Amino acid sequence: MSSNYDKHSMEDCCDYVVEEECCDQEPVVAYVNGNLGQIAGGNVPADTLTRIPLTTILFRTPGVEIPQDGGVTVLEDGEYFISFNAQYSVSGAVAANVTFSIFAPKPIGTATSPLGAGAAAFSTLACLRRGDTVYVTVIASAPLTNVGSLLRVAKIPE
C-alpha cells in the first residue's frame, strides 16, 4: 500500500478517486432474468416461437426500462454490450434442436444448442436507439420442460 493510503481515511480516498478519475456519465445497465416451462407453470410446446418473459429485475440503473412482456428498453442512443445465457431441459428422452433468437429490435443473433438438454450463450455489441427493446425468443423441435435465462444490456461509455 502507498503511504497516501495510510494518511487518508477510506472516505477521503474514495472521494479523490471519484473526483479525479471517474467520468460524469452514469452507467446504463440492466440484468434481467426469466423462466419458462414447469418453473413458470407448464411446458414450452414444440415448434412454437415463444418470447421469454425476461421481467425479473436483478439489477438496473436509470436509462433503461423493463417492459411488461420482457426484455430491456434503452432510453439512450449508443453502443451496447448485449449478453444472453440460457439453460434448459427437454421433455422426455428426446433430442431437440433449440434456438434462442435475440432481437434489438431487429434480429441481432442466435444461440443454438443442438441435440439435447443443455445451455446456450450469445453476446455482441450493437448500436441501439432510444426506445429500442432487446428481447429473446425460443423455439425447439421438442417440448421444453424448463428454460432459465439471463439477459444483460450495458451501454459502452463514449
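Note that the structure is predicted; figures quoted are calculated from it, not measured.
- Looking at residues two or more places apart in sequence or on another chain, you find a side-chain contact (heavy atoms from CB on, under 4.5 Å) between Ala140 and Val98, Leu144.
- You'll find the side chain of Val138 reaches within 4.5 Å of the side chain of Leu36, heavy atoms only.
- In this structure, Leu128 and Val134 have side chains that are in contact, with non-hydrogen atoms separated by less than 4.5 Å.
- The list of ring-ring contact (aromatic ring centres under 6.0 Å, His included) pairs with a residue in residues 132-158, not counting sequence neighbours, reads Phe103-Tyr135.
- By the side-chain contact (heavy atoms from CB on, under 4.5 Å) test, Thr110 is found to be paired with Thr99, Ser101, Thr112, residues two or more places apart in sequence or in another chain being considered.
- The shortest non-hydrogen separation linking Pro143 to Ala46 is N-CB, 3.7 Å.
- For residues 60-70, the pairs satisfying side chain to side chain donor-acceptor pair (under 3.5 Å) are Arg51-Asp69, with sequence neighbours left out.
- The shortest side-chain heavy-atom distance between Ile66 and Thr56 does not fall under the 4.5 Å cut-off.
- A heavy-atom distance below 4.5 Å is found between the side chains of Ile52 and Phe100.
- Counting only heavy atoms from C-beta outward, the side chains of Phe84 and Ser149 approach each other to under 4.5 Å.
- Counting heavy atoms from C-beta on, the side chains of Asn35 and Val147 never come closer than 4.5 Å.
- When the side chains of ILVMFWY residues are joined at heavy-atom separations under 4.5 Å, either directly or via intervening members, Leu75 and Val153 end up in two distinct hydrophobic clusters.
- Residues Val32 and Val72 meet the side-chain proximity criterion, which asks for heavy atoms closer than 4.5 Å.
- Residues in residues 71-82 take part in these side chain to side chain donor-acceptor pair (under 3.5 Å) pairs, two or more places apart or across chains: Thr73-Thr133, Glu76-Lys155.
- Listed here is the closest heavy atom pair of Val28 and Gly63: CG1-O, 3.6 Å.
- Other members of the hydrophobic cluster containing Leu58, listed by chain and number, are Val29, Tyr31, Phe59, Leu150; membership follows side-chain contacts under 4.5 Å among ILVMFWY residues, whether direct or relayed.
- With contacts defined as side-chain heavy-atom distances shorter than 4.5 Å, the pair Ser83/Phe122 does not qualify.
- Interatomic distance, Leu49 CG to Thr137 OG1, rounded to the nearest 0.5 Å: 4.5 Å.
- Between Ile82 and Ala104, the shortest heavy-atom contact is CD1-CB, 4.3 Å.
- Both Ile108 and Val74 belong to a single network of hydrophobic side chains, linked directly or stepwise wherever heavy atoms of I, L, V, M, F, W or Y lie under 4.5 Å apart.
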